[in-house]
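Some notes on the structure that comes next.
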Amino acid sequence: MTPASAPADSGAPQRFPVVVVGAGPAGLTVGNILRAASVDCLVLETETRGFIEQRPRAGVIEEWAVRGLEKRGLAGSLLDRAELHTACEFRFDGERYRFPYGELTGSHHFVYPQPLLVTDLVREYADVRGGHIRFMVRDVRIHDLDTDRPWVSYTCPETGERQVVHCDFVAGCDGARGVSRASLPPERVRIARHDYGIGWLALLAEAPPSADCVLFGCHARGFAGQMPRSPEVTRYYLQCPPGDDVGNWPHERVWSELRERLGAAGVPPPAEGRLIEKRVLDMHDYVVEPMVHGRLFLAGDAAHLVAPIAAKGMNLALHDAFLLGDALVARLTSGDDSGLDGYAQACLRRVWDYQEFSQWLSEVYHGTAAGDPFRTGTTLARLRRLFTSKAAAAAFAEQYLGTAARY
């Protein structure tokens with residue numbers, strides 16, 4: 001169903017069944033689901049197309065999420081180009097321990113950097129399916145959410161004029177600092193937040209990975225991680241104080257710490273290369289409730305954030321988008337409200353499951369660096385159990401891959 005609407009930024013009020021605020025993985029997936037069902041929508045984005053297609057983000061996608069994209073015709077390039085990972089490796093107590101989760105579960109991870117996925121999604125939405133999208137919009141505002149006639153206004157970047165868009169629903173997919181969350185009445189919002197009290201120095205190096213899988217170094221000096229990105233580029237993480245200055249991490253110190261924390265008997269040291277990105281991430285989680293207010297439905301980081309400890313963030317955003325996109329299609333094409341009515345509850349079950357796993361995994365990664373002999377001992381016990389107990393290994397593999405959370 002594609003209603004008549006005024007041309008974008010014509011000055012006259014426009015109408016779309018759905019306005020999507022934010023062109024990240026969640027917003028673009030919702031937009032594509034709507035367009036595949038011939039439901040018209042407008043996507044509003046404050047950045048340029050070039051920026052969202054190059055913004056550095058992680059890229060571990062769980063198999064269920066890829067199958068969800070494939071089902072909706074959105075995984076063609078991903079399936080052709082992504083790397084498949086079936087194992088990871090823990091390094092602790094000077095030894096290496098390979099964890100073959102693919103053998104345990106029959107499932108695997110796809111490694112496909114988020115900028116590539118966003119490029120695919122915006123191309124499919126705008127260039128293939130003919131979806132409406134406006135980049136570089138300013139001062140987006142959401143109005144009358146408590147009514148059945150909400151509307152969105154924004155400033156056109158070319159003319160500086162205010163534009164008005166009437167709609168039936170708003171999908172708020174614009175992240176933690178976007179207008180969607182800010183539009184919730186403060187007295188009705190509860191934000192459950194957890195701060196880990198640690199930071200990660202995120203690094204991108206022009207260097208080949210030193211192993212064919214993800215590495216987790218659990219060391220008394222702090223956690224270190226290696227995430228292969230390509231044969232020539234590797235993502236590294238180093239535990240550091242929260243709010244640390246990247247200036248405290250010159251080239252020599254970075255590689256010295258990576259050699260120490262990822263070191264194990266019989267393995268080569270990481271191959272050094274030019275560091276093309278350095279930034280400090282403060283580890284924290286949050287969950288916003290409610291995820292729904294009137295005709296506004298939050299998705300992705302606008303509703304929840306899980307620290308990159310367990311590589312779950314993009315997967316949760318896609319889970320939200322699948323549920324929301326399908327629910328909006330059902331409502332707008334057949335009048336079925338059941339998906340929208342159960343949207344928040346279905347999302348939050350998986351969100352809290354992933355939050356709990358992130359907390360558990362944080363202790364595994366960081367416990368040996370806490371300076372507490374008791375925490376060190378219990379952390380090492382957890383790690384050893386993964387390699388001595390089939391039940392513990394199977395439970396970890398299910399949570400790591402997201403296959404345990406079937407909602």
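The distance from the CG atom of L79 to the CD atom of E70 is 5.0 Å, given to the nearest 0.5 Å. Distance check: R331 CZ to S338 OG gives 11.5 Å after rounding to the nearest 0.5 Å. Distance check: L328 CG to C41 SG gives 9.5 Å after rounding to the nearest 0.5 Å. To the nearest 0.5 Å, atom CD of residue Q14 and atom NE2 of residue H132 are 8.5 Å apart. How far CG of L215 is from OG1 of T234: 9.5 Å, rounded to the nearest 0.5 Å. To the nearest 0.5 Å, atom CZ of residue F110 and atom CZ of residue R81 are 14.5 Å apart.
Counting heavy atoms from C-beta on, the side chains of Y286 and D301 come closer than 4.5 Å. Counting heavy atoms from C-beta on, the side chains of T403 and W64 never come closer than 4.5 Å. Counting only heavy atoms from C-beta outward, the side chains of M283 and S362 never approach each other to under 4.5 Å. Counting heavy atoms from C-beta on, the side chains of E363 and R375 come closer than 4.5 Å. Between E62 and H109, the closest side-chain pair of non-hydrogen atoms falls below 4.5 Å. Side-chain contact between M227 and P209 is absent, with no heavy-atom pair separated by less than 4.5 Å. At least one side-chain heavy atom of L332 sits under 4.5 Å from a side-chain heavy atom of V18. E289 places a side-chain heavy atom less than 4.5 Å from the side chain of L348.
Centroid-to-centroid, the aromatic rings of Y400 and F99 stay 6.0 Å apart or farther.
At least one donor-acceptor pair under 3.5 Å links the side chain of R253 to the backbone N or O of N248. Side-chain atoms of Y101 do not come within 3.5 Å of backbone N or O of A393 as any donor-acceptor pair. Put simply, the side chain of E63 never gets that close to the backbone of S107: no donor and acceptor are under 3.5 Å apart. Side chain of S358 to backbone of Y354: no donor-acceptor contact under 3.5 angstrom is found. Looking only at distances, a side-chain donor or acceptor of Q355 sits under 3.5 Å from a matching main-chain atom of L305. No side-chain donor-acceptor contact under 3.5 Å links R235 to the backbone of P228. Remark: the backbone N or O of D282 is paired with a side-chain donor or acceptor of H284 at under 3.5 angstrom. For R181 (side chain) and A302 (main-chain N/O), a donor-acceptor pair under 3.5 Å exists by modelled atom type. At distances below 3.5 Å, not a single donor-acceptor pair connects side-chain atoms of D326 with backbone N or O atoms of G339. In this structure, the side chain of D139 does not engage the main chain of T155 through any donor-acceptor pair within 3.5 Å.
Between F396 and W360, the two ring planes are tilted [angle within 30° to 60°]. Between W200 and Y237, the two ring planes are tilted [angle within 30° to 60°].
The shortest non-hydrogen separation linking I61 to L78 is CD1-CD1, 3.8 Å. Listed here is the closest heavy atom pair of Y236 and L262: CE2-CD1, 4.1 Å. When all heavy atoms of G59 and M314 are compared, the closest pair comes out as CA-CE, 3.9 Å. For the residue pair R129 and G73, the shortest heavy atom distance occurs at NH2-O, 3.7 Å. Taking all atoms of both residues into account, the shortest heavy-atom contact from R188 to P290 is O-CD, 3.1 Å. The minimum heavy-atom distance linking P242 with G197 is given by the pair CD-O, 3.6 Å.
Taking the ring centre of Y125 as origin, the terminal cationic atom of R35 falls outside the region bounded by 6.0 Å and 45° from the ring axis. Seen from the ring of F169, R295 counts as a face-on cation partner, given the 6.0 Å and 45° thresholds.
Within a 6.0 Å sphere centred on CZ of R193, other residues, nucleotides and ligands contribute more than 12 heavy atoms.
Each of F387, F216, F90 was checked for a ring pair (Phe, Tyr, Trp, His ring centres under 6.0 Å) with Y97, and the lone residue meeting it is F387. Applying the side chain to side chain contact (heavy atoms under 4.5 Å, CB included) test between L298 and each of D320, L184, V292 identifies L184 as the sole match.
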Next item on the list: Apply the test side chain to side chain contact (heavy atoms under 4.5 Å, CB included) to residues C347 and L323: give CA-CA distance (whole Å), side-chain angles for both, the deciding distance (0.1 Å), then the verdict.
Entry: CA-CA 8 Å; C347 291; L323 292 176; 3.8 Å; yes

Next item on the list: Walk me through it: do L201 and V254 pass the test side chain to side chain contact (heavy atoms under 4.5 Å, CB included)?
Entry: CA-CA 9 Å; L201 179 67; V254 165; 4.2 Å; yes

Margin query: Checking V122 against R49 for the side chain to side chain contact (heavy atoms under 4.5 Å, CB included) test, could you report, in this order, the C-alpha distance in whole Å, the side-chain angles of both residues, the deciding distance, and whether it holds?
Written below: CA-CA 8 Å; V122 73; R49 180 169 180 170; 3.8 Å; yes

Next item on the list: Kindly indicate, with the supporting measurements, whether the criterion side chain to side chain contact (heavy atoms under 4.5 Å, CB included) is fulfilled by L324 and L340.
Entry: CA-CA 7 Å; L324 182 55; L340 291 180; 4.1 Å; yes

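Under 4.0 Å is where a charged nitrogen must lie from a carboxylate oxygen, and between E272 and R259 at least one such pair does. Checked for salt-bridge contact, R134 and E158 meet the test: a charged N lies under 4.0 Å from a carboxylate O. Comment: D168 engages R15 in a salt bridge, judged by a side-chain N to carboxylate O separation of less than 4.0 angstrom. Under 4.0 Å is where a charged nitrogen must lie from a carboxylate oxygen, and between K312 and D353 no such pair does. The residues D120 and R123 are annotated as salt-bridged, a charged nitrogen and a carboxylate oxygen being separated by less than 4.0 angstrom.
Under the 3.5 Å distance criterion, with hydrogens and angles disregarded, no donor-acceptor pair is assigned to the side chains of Q239 and H219. Checking S334 against D336 by side-chain atom types alone, no donor-acceptor pair falls below 3.5 Å. If you check the side chains of H293 and D146, you find a donor sitting under 3.5 Å from an acceptor.
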